[in-house]
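Note sheet for the following structure.
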Amino acid sequence: MLGIRRIATAAAGVFFAASAFAQAWPTKPVTLVVPFAAGGPTDVVARTLGVSMTKTLGQTVVIENKLGAGGTVAAAYVARSAPDGYTFFIHHNGMATSTALYRKLAYNPLTDFEFVSQAVEVPMTMLARKDFPANNYAEFAAYLKANQSKINLANAGLGAVSQLCGLMFETALGVKFTAVPFQGTAPAMNALLGGQVDILCDQTTQTIPQIKAGNVKFYGVTTKQRIKALPDAPTLDEQGLKGFEVVVWHGIYAPKGTPKAAIDRMNQAVRAALKDPDVVRKMTELGAEIVGDDRLSPESLQAWLKSEIDKWGPIIRSTGTFAD
Ligand code: MLT
C-alpha cells in the first residue's frame, strides 16, 4: 500500500512539474541553430521566421550559426545538446543526404531528434561568375563539357544542397569539376562575385538579388516548373536536362527528449510565422514557398525526412561520393 502511494505521489510530482513547465515555457531566449554561415539561404529563412516567432513566443529567438562539414557539425551539436526546450535546429535536405554522404555520422537524424515542423521550399538556380564565357544554357553546357578539368564548383560542403545540386548536375552532364567547399553559400557567393570560383548552384533566397542586379550569369532554375519569382527564367529540365529537379525543403528539430509542451508551442509559433504577412512577403520575394498545412505537423516532418533518406540515398551512393 505504502509502495503504491509513493509511486502515485512521484507520478503526480512529474505531472505537476511538466504542466508547470508547459505553462511557463519559454522563460528565457530560445536558440535556433543554423548549420551554415550568416547571411546565406538557411540563415535568411531562420532569421525571417525567428523575428515572427519572437512575437508569438514572447521571448527572443536567438540565431546561432554553427558551421562545418556541410551542416553535420551543427546537427551533431544539437543531437548532443540538453533537451531542455531551449535549443532548436533548422536544417534542409542535408539532414537526409548526409546519411549517404558520410560513412560515419555522429548522430542519427531519425532517432536523435524531436520533430517540430517543416517550413518552406526553395528552388535553386545555376549560376556562373559574371565574366564566364557562356551566354545561355546551351553554351554553358558545351563549355563545361569541353573544359571540365578547369572548372571550380563552389559549394557548402558534403551535405549542403549546393553540393547536392552540383553533384546531380555533374551526373546529368557526365562531367566532374573541382569542388571548392565553403562554410555556407554566403562565402561561396562572395567568391563567385569576386571571380575566385566559376560556378555555383544556390538557393533563390540568396541568389535572386544577385541575378536581378546582373552580378552573376544565370542559366536556369532547378524546379520542374518555372517559378513565380523569376517567371521568365527557363528550367534546366526544359533546356535539355530532362528530369533534373532539386528542391530545398526546411525542417525544424530539437534534441531527443525535449518536452512535448515546448515542441507543441514551437510548432504553433512556426505555423503563426508562416501566416505572418511580413514573412509571406519576404519569402515570396525570395522565391520561397510556404509548405501546405498538411506538412506542418511533427509527424509529417518525420515521415518526410524518412522518405527523403530513402529517395536520395541510392542516388547519392550510385555516384560513389562520400566522406570517411
Ligand atoms: C547556406 O545556408 O549556406 C546553404 O543552405 C548551404 C547549402 O546547403 O548549400
Side-chain angles (χ1 to χ4, degrees), residues 32-49 63-75 89-98 101 119-130 132 151-170 177-213 215-223 227 229-230 233 236 246-251 282-283 285-288 321 323:
L32 182 59
V33 175
V34 170
F36 297 106
T42 316
D43 188 73
V44 165
V45 170
R47 285 178 201 271
T48 306
L49 295 176
I63 304 299
E64 184 180 339
N65 300 85
K66 197 112 205 136
L67 314 181
T72 59
V73 167
F89 182 41
I90 183 165
H91 200 2
H92 54 37
N93 314 46
M95 198 70 164
T97 59
S98 296
L101 288 164
V120 292
E121 278 195 347
V122 186
M124 302 190 80
T125 50
M126 184 55 74
L127 310 175
R129 58 182 157 77
K130 194 176 175 178
F132 198 75
I151 302 294
N152 288 321
L153 165 86
N155 68 30
L158 282 190
V161 284
S162 45
Q163 180 267 335
L164 177 68
C165 179
L167 180 62
M168 294 302 107
F169 190 68
E170 285 177 327
F177 308 127
T178 303
V180 184
F182 293 83
Q183 294 202 319
T185 54
M189 176 61 83
N190 283 340
L192 191 75
L193 294 174
Q196 287 103 39
V197 294
D198 300 309
I199 64 175
L200 168 67
C201 182
D202 195 15
Q203 296 163 73
T204 57
T205 31
Q206 167 159 266
T207 64
I208 282 183
Q210 302 297 351
I211 290 170
K212 290 193 169 161
N215 294 336
V216 289
K217 287 227 171 116
F218 168 43
Y219 301 104
V221 293
T222 65
T223 43
I227 62 170
L230 294 167
L236 294 175
V246 182
V247 178
V248 184
W249 55 273
H250 295 267
K282 178 138 190 208
M283 294 298 178
E285 269 168 26
L286 295 178
T321 310

Has the side chain of [X] got a donor or acceptor atom that lies under 3.5 Å from a matching backbone atom of [Y]?
X: T204; Y: L286; result: yes
X: N93; Y: W249; result: yes
X: D198; Y: N152; result: yes
X: E121; Y: V247; result: no

*asked:* Show, in sequence, the C-alpha distance, side-chain angles and deciding distance for V248 and T42, and conclude whether the side-chain contact (heavy atoms from CB on, under 4.5 Å) test is met.
replied: CA-CA 10 Å; V248 184; T42 316; over 6 Å; no

Of all heavy-atom pairs between [X] and [Y], which one has the smallest distance, and what is that distance?
X: S162; Y: T185; value: OG-CG2, 3.5 Å
X: V246; Y: C165; value: CG2-CA, 4.2 Å
X: A288; Y: V122; value: CB-CG2, 3.9 Å
X: A38; Y: R47; value: CB-NH2, 4.2 Å
X: A37; Y: P187; value: CB-CD, 3.7 Å
X: P35; Y: G71; value: CB-CA, 3.6 Å

Spacing of [atom1] belonging to [X] relative to [atom2] belonging to [Y], to within rounding of 0.5 Å:
X: M168; Y: Q163; atom1: CE; atom2: CD; answer: 8.0 Å
X: F132; Y: L192; atom1: CZ; atom2: CG; answer: 10.0 Å
X: H250; Y: Q203; atom1: NE2; atom2: CD; answer: 4.5 Å
X: F169; Y: L236; atom1: CZ; atom2: CG; answer: 6.0 Å
X: L164; Y: L101; atom1: CG; atom2: CG; answer: 8.0 Å
X: Q206; Y: F36; atom1: CD; atom2: CZ; answer: 12.0 Å

*Is there a side-chain contact between F182 and N190, using heavy atoms and a 4.5 Å cut-off?*
no

_Residues which pass ring pair (Phe, Tyr, Trp, His ring centres under 6.0 Å) with Y219, listed by chain and number, not counting sequence neighbours_ = F140

_Just to verify, what does F89 make a ring pair (Phe, Tyr, Trp, His ring centres under 6.0 Å) with, not counting sequence neighbours?_
H91

*T207, T222, T223 screened by side-chain hydrogen bond (donor to acceptor under 3.5 Å, both in side chains) with T125, the one that passes*: T207

*When V180 is tested against each of N155, L200, V197, L153 for side-chain contact (heavy atoms from CB on, under 4.5 Å), which residue passes?*
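Going through the options one by one, the only one that passes is V197.
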
